[in-house]
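Below you'll find the structure, written out as structure tokens, and then a few comments.
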Amino acid sequence: MRSDSVNKGMPRAPHRSLFKALGFIEEEFSRPLVGIVSAKSEIVPGHLHLDTVAGAAAGGVRMAGGVPVIFPVIGVCDGIAMGHEGMRYSLVTRELIADSVECMAMAHGFDALIFIPNCDKIVPGMLMAAARLNLPAVFVSGGPMLAGRRDGKPLTLTTMFEAVGAVGAGKMDEAELAELEEISCPGCGSCSGMFTANSMNCVTEALGLALPGNGTIPAVMAERLRLAKRSGMLVLDVLEKDIRPRAILTEKAFMNALALDMALGCSTNTALHLPAVAHEAGFALDLDLLNTVSARTPNLCRLAPAGPHAIEDLHAAGGIPAVLAELLKKHLVDPGAATVYGTLEDAVNGKTDPLHRKAVNRNTEIIRPVEKPYSQTGGLAALKGNLAPEGSVVKRSAVAPSMLKHSGPARIFDSEEAAFDAIMGKKIRAGDVIVIRYEGPKGGPGMKEMLAPTAALAGMGLDDKVALITDGRFSGATKGAAIGHVSPEAAEGGPIGLLAEGDIIEIDIDARSISVALDGEEMKKRKEEWKPLPPKVKSGYLARYAKLVSSAAGGAIFKE
């Protein structure tokens with residue numbers, strides 16, 4: 001065992017003395033040492049309870065004969081960071097998390113790892129670490145927040161951001177805003193729609209690194225703690241069988257993950273994170289593959305922000321196994337893909353369920369039958385054209401039908417804040433195409449999410465009349481014709497940086513096209529005259545990040 005390097009033999013007497021300072025006894029030195037990577041903190045609602053989840057996982061490890069050791073990683077709350085300079089520090093933590101897990105695991109000789117993430121960048125950061133380290137590993141997230149409720153209708157974080165726009169438009173008063181503030185986020189857990197955190201936790205089930213229920217069991221349910229205990233026990237079995245993450249994170253697993261993504265209508269951020277995880281696993285995923293899978297995979301779910309349902313509704317309807325069962329009817333996922341518990345088919349057939357219940361679609365309004373989908377193609381689409389030669393991404397399932405094809409004049413903003421001020425100042429008109437640039441991985445730096453402007457547009461009733469494109473990215477809570485990840489980004493001299501006020505932008509989502517009505521000569525002339533903006537941040541981690549990060553089209557990973 002790897003832990004022998006830190007606790008076996010006469011030369012390791014000093015090391016054992018330090019373990020004994022932690023309360024270890026002799027019997028524990030002969031048992032597997034299992035690191036439990038917990039993102040517990042008191043600033044992220046999705047992480048507030050992770051000490052309880054970690055404790056349950058530790059209990060499972062002990063029951064199976066292992067020795068659990070909990071250690072922390074950082075995590076940014078995207079909602080709290082949204083709309084100000086704090087959002088620059090969100091995506092950049094993904095690399096910090098992966099690096100810190102590597103440091104802790106390698107320095108302390110863990111035999112296996114349990115990963116306990118919940119929110120946006122923490123899940124992919126831990127997935128990247130698992131692929132990089134290739135130690136036996138199991139994931140168990142903290143679970144989704146329950147939706148708030150008013151008049152029987154679910155409320156989510158999207159409700160709050162859109163309410164700000166509604167107040168700005170005079171459609172809501174501040175008293176109602178204050179009431180919504182009290183009830184929209186009722187307790188711990190990752191925000192209750194199909195936003196980035198829940199998207200990634202659901203996708204982790206399809207990748208095969210987590211037990212069924214990982215993405216959908218609400219945070220406050222005892223079922224979540226039972227799942228954590230079973231995950232703690234499972235990791236010892238995974239260790240004994242020497243099942244490594246890279247044996248699971250194959251191209252087959254990523255194709256399954258993309259198919260589930262399309263069926264669920266996940267966040268556009270999955271198009272940023274899955275390529276980064278695949279890179280750590282040793283191969284490349286490109287945006288063209290996104291369209292390939294989308295073309296054959298129907299969209300079965302319309303969860304918030306695309307529809308009225310919350311993650312708790314998906315869980316009650318049968319969860320991810322029920323969605324996979326629908327996809328299996330048309331052979332859209334590979335049932336034989338390896339997982340930490342067997343094969344993906346075992347989840348559908350109930351072999352991982354304590355009561356051996358097979359997956360059943362209990363609510364065909366929440367999970368549409370594969371024969372009667374919301375659409376015949378998936379929830380995400382990658383667009384290319386002379387405005388995005390390397391590609392861009394949109395959550396097609398959250399776009400109004402009237403905006404699937406749109407042409408309009410560009411309204412140019414070199415920061416998210418400037419665009420938000422223009423929206424709230426009622427300077428945007430129906431038909432406009434808002435362009436927010438210099439917010440990409442390098443230019444931001446940090447590739448900020450644009451939930452504040454998109455939600456303001458929705459709150460004002462403009463989300464079905466105005467398009468927004470950016471070299472930044474969007475929260476999973478964004479809806480509307482919001483096209484992000486435009487690559488190359490403005491800071492790298494990409495075409496989005498060459499646009500001028502009033503240029504006609506042409507978007508055709510079904511044709512997977514985004515372009516500007518300029519000929520090649522004009523684009524060439526503008527490129528020759530282009531000068532980048534001065535860096536927005538000149539020191540600290542963000543400045544180092546800007547020098548190291550690559551294009552969003554490849555997952556915004558660090559350059560080799």
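- Screening residues 330-366 for ring-ring contact (aromatic ring centres under 6.0 Å, His included) gives no qualifying pairs among residues at least two apart or on separate chains.
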task: Could you go through the side-chain contact (heavy atoms from CB on, under 4.5 Å) check for N269 and E449 one step at a time?
output: CA-CA 10 Å; N269 280 316; E449 289 185 342; 3.0 Å; yes

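- Checked against the 6.0 Å centroid threshold, Y541 and Y89 do not count as a close aromatic pair.
- Salt-bridge formation is not detected for the pair R2/D111: no Lys NZ or Arg NE/NH1/NH2 atom is positioned less than 4.0 Å from an Asp or Glu carboxylate oxygen.
- To the nearest 0.5 angstrom, T268 atom OG1 is 8.5 Å from L272 atom CG.
- With salt bridges taken as basic N to acidic carboxylate O contacts below 4.0 Å, one links D242 and R244.
- T216 has its side chain within reach of C202: a pair of non-hydrogen atoms, C-beta onward, lies under 4.5 Å apart.
- With E205 contributing its side chain and G215 its backbone, the two residues share a donor-acceptor pair below 3.5 Å.
- Atoms CG and CG, on L344 and L328 in that order, are 7.0 Å from each other to the nearest 0.5 Å.
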query: Could you go step by step and tell me if M194 and C301 meet the side-chain contact (heavy atoms from CB on, under 4.5 Å) rule?
result: CA-CA 10 Å; M194 189 51 79; C301 301; over 6 Å; no

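- Heavy-atom neighbours of L22 CG from other residues, nucleotides or ligands within 6.0 Å: above the threshold of 12.
- Residues I116 and V37 are not in side-chain contact: their nearest non-hydrogen atoms beyond the backbone lie 4.5 Å or more apart.
- No more than 12 heavy atoms of other residues, nucleotides or ligands lie within 6.0 Å of NZ in K229, so this atom counts as exposed by the packing criterion.
- Expressed to the nearest 0.5 Å, how far CG of L48 lies from CD of E42 amounts to 6.5 Å.
- Atoms CG and CE, from N118 and M200 in turn, are 12.5 Å apart once rounded to the nearest 0.5 Å.
- Looking at residues two or more places apart in sequence or on another chain, you find a side chain to side chain donor-acceptor pair (under 3.5 Å) between N299 and R302.
- Within a 6.0 Å sphere centred on NZ of K559, other residues, nucleotides and ligands contribute more than 12 heavy atoms.
- Within a 6.0 Å radius of NZ in K329, more than 12 heavy atoms belonging to other residues, nucleotides or ligands are found.
- Within 6.0 Å of CE in M106 there are 12 or fewer heavy atoms belonging to other residues, nucleotides or ligands.
- By the 4.0 Å N-to-carboxylate-O rule, E26 lies too far from K8 to be salt-bridged with it.
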message: Test side-chain contact (heavy atoms from CB on, under 4.5 Å) on V537 and R88; report intermediate values, then the result.
response: CA-CA 10 Å; V537 178; R88 291 183 179 138; 4.0 Å; yes

field: Audit row: L285, E251, side-chain contact (heavy atoms from CB on, under 4.5 Å) steps and yes/no
entry: CA-CA 9 Å; L285 285 182; E251 292 188 46; over 6 Å; no

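- For the pair R362 (side chain) and G319 (backbone), a donor-acceptor distance under 3.5 Å is absent.
- When side chains are defined from C-beta on, K395 does not count as touching T478, because their heavy atoms never get closer than 4.5 Å.
- Of all heavy-atom pairs spanning A259 and T297, the tightest one is O-CG2, 3.4 Å.
- Judged by distance alone, the side chains of H315 and E223 do bring a donor and an acceptor atom under 3.5 Å apart.
- Considering every non-hydrogen atom in both M145 and P186, the closest pair reads SD-CD, 4.0 Å.
- Residues V34 and L113 fail the side-chain proximity criterion, which asks for heavy atoms closer than 4.5 Å.
- Aromatic rings of F195 and F474 (six-membered ring for Trp) have centroids beyond the 6.0 Å cut-off, not under it.
- Proximity of a side-chain donor or acceptor of T159 to a complementary backbone N or O of L155 within less than 3.5 Å is not detected.
- Considering only heavy atoms from C-beta on, R473 comes within 4.5 Å of M87 through its side chain.
- Of all heavy-atom pairs spanning S539 and A543, the tightest one is N-CB, 3.5 Å.
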Can you list, pair by pair, the side-chain donor-acceptor contacts under 3.5 Å of residues 121-142, counting residues two or more places apart and other chains?
from: K121; atom 1: NZ; to: D78; atom 2: OD2; distance (Å): 2.7
from: K121; atom 1: NZ; to: S90; atom 2: OG; distance (Å): 3.4
from: R132; atom 1: NE; to: E280; atom 2: OE1; distance (Å): 3.3
from: R132; atom 1: NE; to: E280; atom 2: OE2; distance (Å): 3.4
from: R132; atom 1: NH1; to: D99; atom 2: OD1; distance (Å): 2.8
from: R132; atom 1: NH1; to: E102; atom 2: OE1; distance (Å): 2.7
from: R132; atom 1: NH2; to: E280; atom 2: OE2; distance (Å): 2.9
from: N134; atom 1: OD1; to: R246; atom 2: N; distance (Å): 2.9
from: S141; atom 1: OG; to: G143; atom 2: N; distance (Å): 3.3
from: S141; atom 1: OG; to: N214; atom 2: O; distance (Å): 2.8
from: S141; atom 1: OG; to: R224; atom 2: NH1; distance (Å): 3.3

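- The pair E28-R31 does not count as a salt bridge, with every side-chain nitrogen at least 4.0 angstrom from each carboxylate oxygen.
- Nearest heavy-atom pair across S294 and L380 is OG-O, 3.2 Å.
- Side-chain contact of D346 with T352: a donor-acceptor pair under 3.5 Å is absent, judged by distance alone.
- By the 4.5 Å heavy-atom criterion applied to side chains, C119 and H47 are counted as neighbours.
- Judged by distance alone, with hydrogens and angles left aside, the side-chain atoms of T93 form no donor-acceptor pair with the main-chain N or O of L96 at under 3.5 Å.
- In terms of heavy atoms, A112 sits closest to V235 at CB-CG2, 4.0 Å.
- The CD1 atom of I114 sits 8.5 Å away from atom CG of L234, with the distance rounded to the nearest 0.5 Å.
- In this model, no donor atom of one side chain and acceptor atom of the other lie less than 3.5 Å apart for S199 and S267.
- Side chains of L548 and E95 form no contact here, defined as non-hydrogen atoms less than 4.5 Å apart.
- Of the possible polar contacts, none joining the N349 side chain to the K351 backbone as a donor-acceptor pair under 3.5 Å is found.
- Here the CZ-CE distance, from F110 to M104, works out to 6.0 Å after rounding to the nearest 0.5 Å.
- Although no hydrogens or angles enter the test, the distance criterion places a donor-acceptor pair under 3.5 Å between the side chain of S231 and the main chain of L227.
- A pairwise comparison of heavy atoms in S192 and T156 identifies OG-CG2, 3.4 Å as the closest pair.
- Considering only heavy atoms from C-beta on, N363 stays 4.5 Å or farther from D313 through its side chain.
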